[in-house]
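Both ligands and their constituent atoms are indexed starting at 1 by order of listing.
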Amino acid sequence: MDNSNVNIVKNICCLGAGYVGGPTMAVLASKCPNIKVTVVDIDLNKIAAWNNQNLDKLPVFEPGLDKIISKVRGKNLFFSNDIEKSIKDSELVFISVNTPTKIKGFGAFYASDLKWVESSARQVAKYASGHTIVVEKSTVPVKTAELIKKILKSSNSSNKKKENSFSVLSSPEFLAEGSAINDLINPDRVLIGGDNEESIKKLCAIYENWIPKEKILVTNIWSSELSKLTANAFLAQRISSINSIAAICEKTGAEIKEVSAAIGSDTRIGNKFLLSSPGFGGSCFQKDILNLVYLSRYYGLDHVAKYWENVISLNNWQKERISEVIVDKLFGTITGKKIVLLGFSFKANTNDTRESPSIDIAKNLLENGAKLVINDPRVSNKQIELALNQPSKEIDHNVEGIWYYEEDILEAVKSADAIVILTEWQEYKNLNWELISKSMRKPSWVFDTRGIINRREIDVTPINLWTLGKG
Ligand SMILES: NC(=O)C1=CN([C@@H]2O[C@H](COP(=O)(O)OP(=O)(O)OC[C@H]3O[C@@H](n4cnc5c(N)ncnc54)[C@H](O)[C@@H]3O)[C@@H](O)[C@H]2O)C=CC1
Ligand SMILES: O=C(O)[C@H]1O[C@H](OP(=O)(O)OP(=O)(O)OC[C@H]2O[C@@H](n3ccc(=O)[nH]c3=O)[C@H](O)[C@@H]2O)[C@H](O)[C@@H](O)[C@@H]1O
């Protein structure tokens with residue numbers, strides 16, 4: 001697209017300072033020094049945390065993020081509570097707010113709750129001045145842009161004095177947590193959906209500051225919205241597919257890593273996203289598939305809905321079956337047994353625990369009376385308490401179904417019956433198994449749900465090793 005004639009956008013506002021808004025705007029600001037970027041949020045504590053001088057206290061842990069923040073914060077990147085002024089001053093507003101699954105009302109447990117998107121659109125309608133480009137960055141159901149357009153339009157008709165105009169674009173985000181900075185700097189593609197050519201050109205011109213033109217795809221707005229849901233559904237489907245095969249490996253003596261390598265070398269299949277695991281977590285895969293299921297049902301496509309719903313049921317089964325394997329190997333009962341969980345975030349290199357498989361597995365083990373010791377290099381005791389909905393409690397020999405947090409792994413494993421590796425943190429790849437084995441209760445077990453342990457290092461100890469997807 002030829003953008004040579006467009007007026008360059010100089011002020012951008014982003015509504016939502018979360019896992020997407022924060023890192024995305026930090027990279028955008030660092031690549032576009034002439035654009036002033038202001039990130040706002042209704043959560044005042046979050047904005048305060050983004051402004052914290054101690055970069056270890058940023059609300060999002062993402063490798064490389066602290067360096068970028070230290071370079072651009074206060075120069076052309078600002079985190080602010082002043083939503084009104086930030087919108088008023090901006091020619092372009094990104095909506096990057098949460099769109100979780102509804103938990104009540106029509107469509108509960110399937111549809112996305114769009115109340116935050118709606119409130120964002122209302123804020124823009126109220127405070128914008130002049131022509132404002134509104135860009136959906138949140139993942140939304142197809143046709144959400146219509147809702148945003150209606151809200152923006154109605155604000156004009158209800159306020160005769162205002163002479164604002166709006167155009168709405170979709171530009172979904174494809175970053176993955178833990179690799180967000182690299183994903184934002186070198187994306188496979190950037191997607192822009194819309195019908196207002198002038199606005200599309202302006203957004204293209206921003207991205208072209210660092211992204212090659214050929215990677216910027218322009219589609220109609222509904223294709224853009226649907227592509228985001230589809231991308232996540234396909235990625236999640238690969239994980240459920242490989243996890244289903246891992247279960248067959250365990251029964252037959254095949255090895256999932258070998259199978260993944262064998263099928264992944266077929267270029268039509270590709271070698272990425274074929275790691276078996278305790279199941280996919282994160283705030284989006286399940287939510288976005290449920291959204292697709294809801295959409296399919298809405299349009300009477302029951303077969304399509306069932307097809308995608310099975311990706312989630314396999315994922316749920318994976319977490320359950322791992323919990324069952326643990327109980328089974330520990331002589332059918334874990335009541336009062338000390339089990340160490342290594343990893344609570346849903347994947348390595350993030351402090352995010354949303355929908356982490358560790359949550360369901362921990363809950364299953366607690367229900368069965370285990371005494372859990374939980375370790376994670378980036379997740380705090382408080383986050384785990386919230387996720388498990390149960391306060392931590394020092395081990396009491398008379399109480400079952402309790403857990404506590406332990407920073408020191410060697411301390412955690414003392415007298416433990418089992419260790420379960422749930423997140424593939426680098427810290428867990430090079431543990432001293434000889435030392436660990438000495439302080440565990442015998443017979444001791446290690447359950448490796450990520451396939452990260454070197455079997456030879458365990459073989460020289462008395463530990464029994466169970467590896468996911470290995471017969
Ligand atoms: N987390 C991820 O890796 C990815 C998320 N997404 C999508 O991006 C969207 C945002 O996700 P996250 O950043 O993870 O959510 P988040 O929950 O971390 O952040 C959303 C923020 O928006 C704020 N907010 C809500 N309503 C607001 C309003 N009216 N004005 C200003 N701020 C408001 C919330 O207080 C919250 O801090 C979701 O739709 C998600 O599906 C897309 C790609 C990757
Ligand atoms: O919309 C979103 O939120 C994002 O969702 C995912 O990103 P994310 O959830 O951050 O992380 P992934 O790397 O996709 O991992 C998701 C889950 O799948 C698991 N996984 C991933 C890859 C794999 O081979 N096996 C596997 O079990 C991970 O451990 C994790 O629990 C997508 O990869 C992003 O493109 C998308 O933007």
Side-chain angles (χ1 to χ4, degrees), residues 13-25 39-47 49-50 59-60 62 79-81 83 86-87 93-101 112-124 127 136-141 144 171-180 183-184 187-189 228-229 231-236 238-243 246 256 260 264 271-289 291 315 318-319 343 345-350 352-358 422-424 449-451 468:
C13 170
C14 174
L15 301 178
Y19 283 88
V20 169
T24 307
M25 292 305 122
V39 188
V40 294
D41 204 291
I42 47 174
D43 181 342
L44 306 187
N45 292 329
K46 206 172 262 188
I47 292 298
W50 279 111
V60 170
E62 197 56 66
F79 293 94
S80 164
N81 296 324
I83 297 181
S86 308
I87 293 176
V93 177
F94 283 108
I95 296 182
S96 191
V97 299
N98 35 323
T99 51
T101 307
S112 283
D113 192 340
L114 291 179
K115 76 175 176 205
W116 291 276
V117 170
E118 183 177 334
S119 72
S120 301
R122 287 185 191 279
Q123 284 164 340
V124 179
Y127 302 131
E136 294 172 342
K137 200 146 251 317
S138 295
T139 303
V140 289
T144 301
S171 184
E173 184 48 60
F174 294 97
L175 69 81
E177 289 178 28
S179 57
D183 296 341
L184 287 162
D188 286 347
R189 71 346 204 149
K228 173 63 198 179
L229 296 182
N232 275 359
F234 268 57
L235 290 168
R238 266 173 92 89
I239 302 167
S240 282
S241 299
I242 206 70
N243 280 339
I256 196 62
S260 291
N271 61 8
K272 291 185 182 157
F273 248 73
L274 286 176
L275 295 173
S276 61
S277 67
F280 56 77
S283 62
C284 294
F285 279 175
Q286 174 164 308
K287 150 177 96 68
D288 295 346
I289 293 179
N291 205 330
N315 197 50
Q318 179 75 345
K319 293 177 271 189
S345 57
F346 76 96
K347 61 183 281 197
N349 294 322
T350 177
D352 196 347
T353 63
R354 289 177 290 182
E355 305 295 338
S356 174
S358 303
L422 290 170
T423 313
E424 73 285 21
T449 70
R450 294 279 183 174
L468 182 82

Under 4.0 Å from a heavy atom of [X]: give me the atoms of ligand 1 that qualify, with their elements.
X: Ser119; answer: 29 (N)
X: Gly16; answer: 21 (C), 22 (O), 23 (C), 31 (C), 32 (N)
X: Gly18; answer: 13 (O), 16 (P), 18 (O), 19 (O)

Tell me whether [X] has any N or O atom under 3.5 angstrom from an N or O of ligand 2.
X: Gly281; value: yes
X: Glu177; value: yes
X: Ser276; value: no
X: Pro357; value: no

For [X] versus [Y], what's the shortest heavy-atom pair and its separation?
X: Arg450; Y: Pro278; result: NE-CD, 3.5 Å
X: Cys13; Y: Ser86; result: CB-O, 3.7 Å
X: Gln318; Y: Gly279; result: CG-N, 4.0 Å
X: Val60; Y: Pro23; result: CG1-CG, 4.3 Å

Is it the side chain, the backbone, both or neither of [X] that has a heavy atom closer than 4.0 Å to ligand 2?
X: Asn232; value: side chain
X: Leu275; value: both
X: Leu235; value: side chain

Is it the side chain, the backbone, both or neither of [X] that has a heavy atom closer than 4.0 Å to ligand 1?
X: Leu175; value: both
X: Ser138; value: both
X: Arg122; value: neither
X: Ala180; value: neither

Look up atom [atom1] in [X] and atom [atom2] in [Y], then write down how far apart they are to the nearest 0.5 Å.
X: Ser241; Y: Leu274; atom1: OG; atom2: CG; value: 9.0 Å
X: Asp183; Y: Asp188; atom1: CG; atom2: CG; value: 8.0 Å
X: Ile242; Y: Ile256; atom1: CD1; atom2: CD1; value: 4.0 Å
X: Asn81; Y: Lys46; atom1: CG; atom2: NZ; value: 13.0 Å
X: Trp116; Y: Ser138; atom1: CH2; atom2: OG; value: 11.0 Å
X: Ser283; Y: Glu355; atom1: OG; atom2: CD; value: 8.0 Å

Closest protein heavy atom (residue, atom, distance) for [atom]:
atom: atom 11 (O) of ligand 1; value: Val20 CG2, 4.0 Å
atom: atom 11 (O) of ligand 2; value: Lys347 NZ, 3.3 Å
atom: atom 35 (O) of ligand 2; value: Phe174 O, 2.7 Å
atom: atom 43 (C) of ligand 1; value: Glu173 O, 3.3 Å
atom: atom 36 (C) of ligand 1; value: Asp41 OD2, 3.4 Å
atom: atom 27 (C) of ligand 1; value: Val97 CG1, 3.5 Å
atom: atom 6 (C) of ligand 2; value: Phe285 CE2, 3.4 Å
atom: atom 19 (C) of ligand 2; value: Ile239 CD1, 3.7 Å
atom: atom 42 (C) of ligand 1; value: Thr139 OG1, 3.6 Å
atom: atom 26 (N) of ligand 1; value: Trp116 CD1, 3.2 Å
atom: atom 27 (O) of ligand 2; value: Ser277 OG, 2.5 Å
atom: atom 30 (N) of ligand 1; value: Gln123 OE1, 3.2 Å
atom: atom 14 (O) of ligand 2; value: Phe273 CZ, 3.1 Å
atom: atom 9 (O) of ligand 2; value: Phe346 CE1, 3.5 Å
atom: atom 3 (O) of ligand 1; value: Glu177 OE2, 3.2 Å

Quick check: do [X] and [Y] have side-chain heavy atoms less than 4.5 Å from each other?
X: Thr139; Y: Pro172; value: no
X: Asn232; Y: Ile289; value: no
X: Thr24; Y: Cys14; value: no
X: Gln123; Y: Val40; value: no
X: Asp352; Y: Phe346; value: yes
X: Phe280; Y: Ser240; value: yes
X: Lys137; Y: Ser171; value: yes
X: Thr353; Y: Ser358; value: no

Main-chain N/O of Glu424 paired with Lys347 side-chain donor or acceptor, under 3.5 Å: no

For ligand 1 and [X], I'd like to know whether there is a polar contact (N/O to N/O, distance under 3.5 Å).
X: Lys287; result: yes
X: Tyr19; result: yes
X: Thr99; result: yes
X: Arg354; result: yes

Return the orientation label for the Trp50 and Phe79 ring planes: parallel under 30°, perpendicular over 60°, tilted otherwise. parallel

Give a yes/no verdict on whether any heavy atom in Arg450 is under 4.0 Å from an atom of ligand 2. yes

Less than 4.0 Å is my threshold; does some heavy atom of Lys228 fall inside it relative to ligand 2? yes

So, are Arg354 and Glu177 salt-bridged, with charged N and O less than 4.0 Å apart? yes

With a cut-off of 4.0 Å, which atoms of ligand 2 are near a heavy atom of [X]?
X: Leu274; answer: 24 (O)
X: Leu175; answer: 4 (C), 34 (C), 35 (O), 36 (C), 37 (O)
X: Glu173; answer: 37 (O)
X: Phe280; answer: 17 (C), 18 (O), 31 (O)
X: Cys284; answer: 1 (O), 2 (C), 3 (O)

